[in-house]
Structure formats: C-alpha cells, structure tokens
Amino acid sequence: MFKNWLPSLCTLLNLGAGTLSLLFTIKGEYKLALAMVMTAALWDVLDGLLARWLHCTSDFGKQLDSLADLVSFGIAPVFLVLLYKLEASLWLGPIAAVLFLACGALRLARFNIKGQVKGFVGLPITAAGVILALAPILNSQMKPAAALALMGLLSILMVSRIPFPAFKKDYARK
C-alpha cells in the first residue's frame, strides 16, 4: 500500500538532501550545504512522524533511516566543517571527523538495538549534525580550535549515557 512507502520516501529525501549538501560543500557553497542539512532534518522528522501516524514502523525503515542519517548528519556536516573551517588543520581535522562519524555510527547502532521510546540515551546524530553544520556558518569568526572542540564535544555526547528528551508523539497508543 502507498501509505507504507511514505515514510521511506521521506527517508530517501533526507538522504538526497544530505548528498546535495556534500555536493554544495565540494563546490564551496557552504550556506547551500547548510540549507540541505536543515532540509534533511525536516525530512528526518517527517519520516518518523508519518511512520508512527500511519502505523507502519518497520525494521527496514529503522535501518534505512540510520543509513540516511549517517550521510545527512554525519558525513555532510563533517565535510562542511572540514572544508570550511579545518582545511589547514593538517591531521587534527581528519581525526576529529573520523571520531565524529564513528561516534555517530555507534549512537545509531545503539538506538537501533535498544529503541528508546520515552527519550534518547546520548545526543541523537540528527541534533549533533545540525549543530555541527550550523555553528561555523552562523559564526563565521569561529576559530579552527573551536570547531575541533565542538566536534569533539558532540562526539562524546553522542556516545554518552546522558538522557536527552524525545519529543515524539506515540500514535500507536491511540
């Protein structure tokens, strides 16, 4: 049925926006790259809302969402920061990038196994990626050291055991 495909379509649009963000970053269009990360975040919220509202959540959808999120809120923001702020950071930028991506992947895997309902354990990669992409664009004076510190802090928060609220409405109980 078509309604079962709507959440996955939103997830694929999330992935598409993340991919476009990467392409804009490569071309040096950093504000457009940020706009695509923000667009991906909207599609990410919508896919979850639709899946719960239409009662069509699935393991397939959860895995597809995680793959899209790793691109849109992991790879895209990392490359945006690397090319915009950390190009001259030699080896520190790439190390911070790998750390951020590894922590994001670990966070997504942990969520897929445990699947918290009332809240999140660790900062979701969506929030971490949006913050990482927003910070240097909103603060053009941000120093590379601050960008590295932010990337490190967000990485730690993603794999932490700190609870973060989930503002999800559980439509399955209605």
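Bear in mind that the values here come from a model prediction, so they are computed numbers and not experimental data. Hydrogens, waters and symmetry mates play no part in the numbers below; they use all other heavy atoms, side chains included.
Side-chain N or O atoms of S72 include one that pairs as donor or acceptor with a backbone N or O of N14 at under 3.5 Å. The closest donor-acceptor contact from the side chain of R107 to the backbone of C103 lies at 3.5 Å or more, if one exists at all.
L9 contributes atom CG, which lies 13.0 Å from atom CG of N4 (distance to the nearest 0.5 angstrom). Interatomic distance, F73 CZ to L154 CG, rounded to the nearest 0.5 Å: 14.0 Å. The distance from atom CZ of F100 to atom CG of L153, rounded to the nearest 0.5 Å, is 10.5 Å. Once rounded to the nearest 0.5 Å, the distance linking CG of L101 with CE of M151 reads 8.5 Å. Taking CG of L64 as the start and CG of D69 as the end, the distance is 9.5 Å to the nearest 0.5 Å.
Among all heavy-atom pairs drawn from L82 and A97, the shortest one is CD1-CB, 3.7 Å. Contact between R110 and M158 at its shortest, heavy atoms only, is NH2-O, 3.2 Å.
Under the 4.5 angstrom side-chain criterion for Ile, Leu, Val, Met, Phe, Trp and Tyr, the cluster partners of L106 are V159. If you chain together ILVMFWY residues whose side-chain heavy atoms come under 4.5 Å of each other, L42 ends up in a group of its own.
I75 and L20 fall into different hydrophobic clusters, where Ile, Leu, Val, Met, Phe, Trp and Tyr are joined by side-chain heavy atoms under 4.5 Å apart, directly or via other members. When hydrophobic clusters are built by joining Ile, Leu, Val, Met, Phe, Trp and Tyr residues whose side-chain heavy atoms come closer than 4.5 Å, directly or via intermediates, L86 is grouped together with L92. V78 and V98 are assigned to two separate hydrophobic clusters, defined by single-linkage of ILVMFWY side chains at heavy-atom distances under 4.5 Å. By the rule that hydrophobic residues join a cluster once side-chain heavy atoms approach within less than 4.5 Å of another member, Y84 and W91 end up as members of one cluster. Hydrophobic clustering, with ILVMFWY side chains joined whenever heavy atoms are under 4.5 angstrom apart, keeps I156 apart from I95.
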List, one per line, each side-chain donor-acceptor pair under 3.5 Å for residues 25-41, sequence neighbours excluded.
from, atom 1, to, atom 2, distance (Å)
T25, OG1, S21, O, 3.0
Y30, OH, L83, O, 3.4
T39, OG1, A35, O, 2.8

Report all side-chain donor-acceptor pairs from residues 120-143 shorter than 3.5 Å, counting only partners two or more places apart or in another chain.
from, atom 1, to, atom 2, distance (Å)
T126, OG1, D44, OD2, 2.9
N139, OD1, Q141, N, 3.2
N139, OD1, M142, N, 3.4

Run F60 and S8 through side-chain contact (heavy atoms from CB on, under 4.5 Å) and show every step you take.
CA-CA 9 Å; F60 173 83; S8 292; 4.0 Å; yes

Do N112 and Q63 pass the side-chain contact (heavy atoms from CB on, under 4.5 Å) test, and can you show the C-alpha distance, the side-chain angles, and the key distance before you say yes or no?
CA-CA 7 Å; N112 282 351; Q63 300 305 322; 3.4 Å; yes

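Residues L15 and L67 have side chains not in contact (no heavy-atom distance under 4.5 Å, counting atoms from C-beta outward).
Scanning for side chain to side chain contact (heavy atoms under 4.5 Å, CB included) contacts around L50 gives L6, P7, C10, L46, W53, L54, with sequence neighbours left out. Applying the side chain to side chain contact (heavy atoms under 4.5 Å, CB included) criterion to A105, with sequence neighbours excluded, gives L70.
Within a 6.0 Å sphere centred on CZ of F79, heavy atoms belonging to other residues, nucleotides or ligands number 12 at most.
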